[in-house]
Amino acid sequence: MQVIPLRQLELAFDPEAVPRDWFAGDAFTSTFMDALSLLFPEGEKFFVESVKQHRELATGALAAAVTGFIGQEAMHGREHRAFNDMLVGHGYAQAPEVDRGLRRFLKRVRHTLAPRSQLAVTCALEHFTAILAEGLLGDARMRDDMHAAVRGLWLWHALEESEHKAVAFDVYCAAHGGYARRIGIMLLTTAVFFGYVSVVHARLMATRGIVWRPWRWARGLTRMWIWPAHFTRLVPAYLAYYRPGFHPNDRDTSVLLDAWRARLFGPAGELRDSLRPAA
C-alpha cells in the first residue's frame, strides 16, 4: 500500500486578485466549482469521522494509510475554508450559512445511518472526488480554464484525493461491508449529492442574477457535458463502481501521480514555496 504523505500547506486567496469568474471566465461554471468548495470542509470532516469509527479494524499498512488520509482531509478542509472566505469577499454572503446548513444535514445523517452505512457514503463520495481529481490532473484544458491564483489549491487537492482514494474503501472491506449496501448507498448518495450541489449552485447563481437566465448557462453546460465534456468523460469511471469486484486501485494512476508530485512539490515544484516546514 502506498505511503500517504501529510503536506502542510499555507495558501492565500485575495478576492481582489482572484476574479469572480475564475473558471474559464464563466459565471455558471465558476459558481458550480464554488458550490463544491463550500461543501468540502464539512464533507471531509464527515469522511474522517466515518473512517475513525472503524479505525480499530485497520492494521499494518492500512492503519498508516488511515493516519495519512485523516491528515490530508483535515488540510483540505482548512484550505477550502480559506477559499470559501474569499467567496464572501466576492459577494456570496450566504457562504457561511451553506456551511452551517451542511453541518446540520450531516448531523441528521449521522443519527439516521448506521456507522457502516456512513462509511459507505464516504466510499461513494471518495469515488466522486477520485474521478474528478483524475479528470483534472489528466486534462490540460480543464486545468488551463482555472485562474492561476486558485489553480494550485485544486491541483494539490486532486493529487491527494488520488493518493488516498482507496483508504475508505479498504476500511469498508475490513468492516465487512457488503456489495448490496455499497451499491444502494451509492445510488442514494448520487441523488442526494447532485441535488444538494444543485441547490447551493442555484443560490450562488441567484446572487449573480443568472439563476433565471438559462441562456447564461449555455457556455458552462456545454463545457461540462458536450465539449470538451469534462464531466461526460467521467461517466464510465463512475459506473465502474457498480461492478461487484470493483476496487479504487483498478484505475492505475501511479504514473500520473508521480508526475504531479514532482511538478507540484519537487525541487522546482509549483507549490513548494507554499509548504510549511514539518513540525
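For the single chain, residues carry numbers from 1 onward in sequence order.
- Side chain of His80 to backbone of Leu39: no donor-acceptor contact under 3.5 angstrom is found.
- To the nearest 0.5 Å, the span separating CG on Asn84 from NE2 on His90 amounts to 12.0 Å.
- In this structure, NE2 in His230 is found 12.0 Å from CH2 in Trp225, a value given to the nearest 0.5 Å.
- Considering every non-hydrogen atom in both Ser50 and Thr122, the closest pair reads OG-OG1, 2.5 Å.
- Following chains of ILVMFWY side-chain contacts shorter than 4.5 Å, one cannot reach Leu57 starting from Val48, and the two form parts of different hydrophobic clusters.
- We find that Asp139 and Arg143 are not joined by a salt bridge, their nearest charged nitrogen and carboxylate oxygen being 4.0 Å or further apart.
- Put simply, NE2 on His147 and CG on Asp21 are 11.0 Å apart, with the number rounded to the nearest 0.5 Å.
- Ser30 and Arg20 are not linked by any side-chain donor-acceptor pair at a separation below 3.5 angstrom, with hydrogens and angles left out of the test.
- Smallest separation of non-hydrogen atoms from Gln72 and Leu6: N-CD1, 3.9 Å.
- Between Trp154 and His157, the ring planes lie parallel to each other; the angle is under 30°, not in the 30° to 60° tilted range.
- Note that NE2 of His164 and CD of Glu126 are 4.0 Å apart. Values are rounded to the nearest 0.5 Å.
- Proximity of Leu221 to Ile226: side-chain heavy atoms (C-beta onward) are nowhere separated by under 4.5 Å.
- If you take CD on Glu270 and CZ on Arg272, they are separated by 13.0 Å, rounding to the nearest 0.5 Å.
- The two residues Thr207 and Gln94 come nearest to each other via the heavy atoms OG1-NE2, 2.7 Å.
- Put simply, CE on Met205 and CG on Asp34 are 11.5 Å apart, with the number rounded to the nearest 0.5 Å.
- Cation-pi contact between Arg182 and Tyr241: present, with separation from the ring centre below 6.0 Å and deviation from the ring axis of at most 45°.
- Proximity of a side-chain donor or acceptor of Asp258 to a complementary backbone N or O of Val255 within less than 3.5 Å is not detected.
- Partners of Asp85 according to the salt bridge (charged side-chain N to carboxylate O under 4.0 Å, His left out) rule, which considers only residues two or more places apart in sequence or in another chain, do not exist here.
- Ile185 and Ala120 make their closest contact through CG2-C, 3.6 Å (heavy atoms, listed as atom of the first residue, atom of the second, distance).
- When each of Leu264, Leu11, Leu153 is checked for a side chain to side chain contact (heavy atoms under 4.5 Å, CB included) with Ser274, only Leu11 meets the rule.
- Residues Asp144 and Arg151 come closest through the heavy atom pair O-NH2, 4.2 Å.
- Hydrophobic clustering (side-chain heavy atoms under 4.5 Å, transitive across Ile, Leu, Val, Met, Phe, Trp, Tyr) keeps Met33 apart from Val88.
- No donor-acceptor contact under 3.5 angstrom links the side chains of Arg203 and Thr31, judged on distance only.
- Judged purely by atom type and a 3.5 angstrom limit, Arg223 has no side-chain atom pairing as donor or acceptor with the backbone of Asp26.
- Within a 6.0 Å sphere centred on CD of Glu56, other residues, nucleotides and ligands contribute more than 12 heavy atoms.
- Note on ring orientation: taking the six-membered ring where Trp is involved, the planes of Tyr238 and Phe128 are parallel (angle under 30°, cut-offs 30° and 60°).
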Chi angles and distances behind the ring-ring contact (aromatic ring centres under 6.0 Å, His included) call for Phe246, Phe169: CA-CA 10 Å; Phe246 168 83; Phe169 192 94; 5.6 Å; yes

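- Between Pro96 and Arg100 the shortest side-chain heavy-atom distance falls below 4.5 Å.
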Pair Arg78-Glu44, salt bridge (charged side-chain N to carboxylate O under 4.0 Å, His left out): steps then yes or no: CA-CA 10 Å; Arg78 193 188 77 171; Glu44 291 181 331; over 6 Å; no

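- The only member of Phe47, Phe83, Trp156, Phe69 that meets ring-ring contact (aromatic ring centres under 6.0 Å, His included) when paired with His76 is Trp156.
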Donor-acceptor pairs under 3.5 Å, side chain of residues 105-115 to any protein atom, not counting sequence neighbours: which ones?
residue, atom, partner, partner atom, Å
Arg110, NE, Glu49, OE1, 2.7
Arg110, NH2, Glu49, OE1, 2.9
Thr112, OG1, Arg108, O, 2.7

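- Here the shortest heavy-atom pairing between Arg216 and Phe28 reads O-CB, 4.0 Å.
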